[in-house]
Protein chains: 2
Amino acid sequence: MKLSANEEYGLRCLVRLGYEGEGGSLTIPEISHAEGVSPALAAKILRVLRKAGFVKAARGKEGGYALARPPEAIVIGEVMEVLGGRLFESSFCDTHSGQAAICTRSVDCSVRSLWRAVQVAVDQVLSKATLRDLLQNEEEMNSWVRAISDRSGLRLLQ
Amino acid sequence: MKLSANEEYGLRCLVRLGYEGEGGSLTIPEISHAEGVSPALAAKILRVLRKAGFVKAARGKEGGYALARPPEAIVIGEVMEVLGGRLFESSFCDTHSGQAAICTRSVDCSVRSLWRAVQVAVDQVLSKATLRDLLQNEEEMNSWVRAISDRSGLRLLQ
DNA sequence: GCTAATCTGTACTTCTTAGTCAAGATTACC
DNA sequence: GGTAATCTTGACTAAGAAGTACAGATTAGC
Ligand code: FES
Ligand code: FES
């Protein structure tokens, strides 16, 4: 249960593109330099984001990457799912059952119930955040988190 | 951001030991068979749980594993941290900064603020759950989740 | 002491994720 | 058309996680 490199770098590349504003674009070398990631890796990750429809690419000279939609239409939860999958995939209990065909408690499993609860807790945050929210500075982002906390009853700032 | 095999199997082994009740114990082959995991892998994972102080082992004939403390004193959040680390480790922003020594926005990073919020959301669930809760059946566990939901304002059952 | 059942530790193989590389395709500009 | 800047693709290598194997140490019972 760790954040993956794909998730971290992918989201940062997306935020970087968001900074460019409507109509703005950046090349791979520019993104690479801005985020301190190698050009090859940036290219690999941007490709994933492109195939998922979050960014669009222009080839050739004067080419580059740009957001495919306005920042407020890019939900972070969806981005994270593309970059690193879900915490508790629906297939999880099938693939992690060891040698048995399925978890030996699968008809009545309290562990599964817990995983679901954790997944929902994560979704509560990520499905409410859009790229627009991440384009603010850290202090404003903290305010956003505080607002979500109040609305949902969660205390997300410890 | 996926559950790891260590987390899944480790927690299941712990639950299985919990079923044995006070003073009960199980051998590696017994746990292995009950959970459908190979004996070698069960041994490897139980070793981690032992070093972290959640279970204790007795060697020799008549040996086996048992819980080191009562189930209500075993917090799932602590178990998960041992088995799979934290979602957003404190060192994360240092180790995932690419070639730069640090995230280029590290003095003011909205992404970091989001990761923290997700981490707290997860902790809200996992720090409230103990092994005792997981020894119930799935329906009772769902009630537990519902109770946590009401108390915290979260809606964890969708 | 001997044996059989058990945990312990380390090394090994296999699979997935992270990251790199190079050749190819596309486009703006001259 | 030529050139240089750009994205595209697949293959490659490196590192980490998942899973296996086996020799060693410990203990109960005889
Ligand atoms: S059914 Fe998935 S852990 Fe039991
Ligand atoms: S400081 Fe960690 S993502 Fe920016």
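Computed from a predicted structure; not experimentally measured. Chain naming here is simple, since letters A, B, ... match the order of the sequence lines and numbering starts at 1 in each.
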*Proximal nucleotide (of D/dA18, C/dG9, C/dC7) relative to the B/Y65 side chain*: C/dC7
*Is there a chain of hydrophobic side chains (I, L, V, M, F, W, Y, each step under 4.5 Å between heavy atoms) that links A/V75 to B/V118?*
no
*Nearest-nucleotide wise, let me know which of B/I28 and A/A40 is further upstream toward the 5' end of DNA chain C.*
B/I28
*Can you tell me how far C1' of D/dA17 sits from CG of B/N6, to the nearest Å?*
8 Å
*Can a donor-acceptor pair be found between the side chains of A/D123 and A/Q119 at a distance below 3.5 Å?*
yes
*Give the rounded distance in Å between these two atoms: CD1 of A/I45 and C1' of D/dT9.*
16 Å
*Side-chain donor/acceptor of B/S91 to backbone N/O of B/D94, under 3.5 Å*: no
*Determine: side-chain N/O of B/S38 to OP1/OP2 of D/dT20, distance under 4.0 Å, yes or no.*
yes
_Atom-to-atom span, CG of B/L46 to P of D/dT20 - whole angstrom_ = 15 Å
*asked:* Under 4.0 Å, counting only non-hydrogen atoms across every strand here, what does B/R47 touch: a base, just sugar-phosphate, or nothing?
replied: base
*Is there side-chain contact between A/E20 and A/S25, with at least one heavy-atom pair below 4.5 Å?*
no
*Strictly by modelled atom types, are A/R16 and B/T104 linked by a side-chain donor-acceptor pair under 3.5 Å?*
yes
*In whole angstrom, give the distance that lies between atom NZ of A/K2 and atom C1' of D/dA15.*
13 Å
_So if I take every side-chain heavy atom of A/T27 and compare against C/dT20, C/dA18, D/dT6, which nucleotide ends up nearest?_
D/dT6
_Can you measure A/E35 atom CD to C/dG19 atom P for me and round it to whole angstrom units?_
14 Å
*Between atom CG in A/L83 and atom P in C/dA18, what is the gap in whole Å?*
10 Å
*Main-chain N/O of B/A5 paired to B/E8 side chain as donor or acceptor, under 3.5 Å*: no
*Closest listed nucleotide, where the reference is the side chain of A/A5 and the choices are D/dT8, C/dT20, C/dG19*: C/dG19
*asked:* Nearest whole Å is fine: how far is D/dC7 C1' from A/K44 NZ?
replied: 16 Å
_Whole angstroms only, please: what is the CG-P distance between B/L41 and C/dT13?_
18 Å
*Check whether any side-chain nitrogen or oxygen of B/Y9 sits under 4.0 Å from OP1 or OP2 of D/dA17, and answer yes or no.*
no
*Please collect all side-chain hydrogen bond (donor to acceptor under 3.5 Å, both in side chains) contacts where either partner lies in residues 48-59 of chain A, sequence neighbours excluded, each pair once.*
none
*Those residues of residues 56-63 of chain A lying under 4.0 Å from DNA chain C by at least one heavy atom*: A/R59, A/G60, A/K61, A/E62
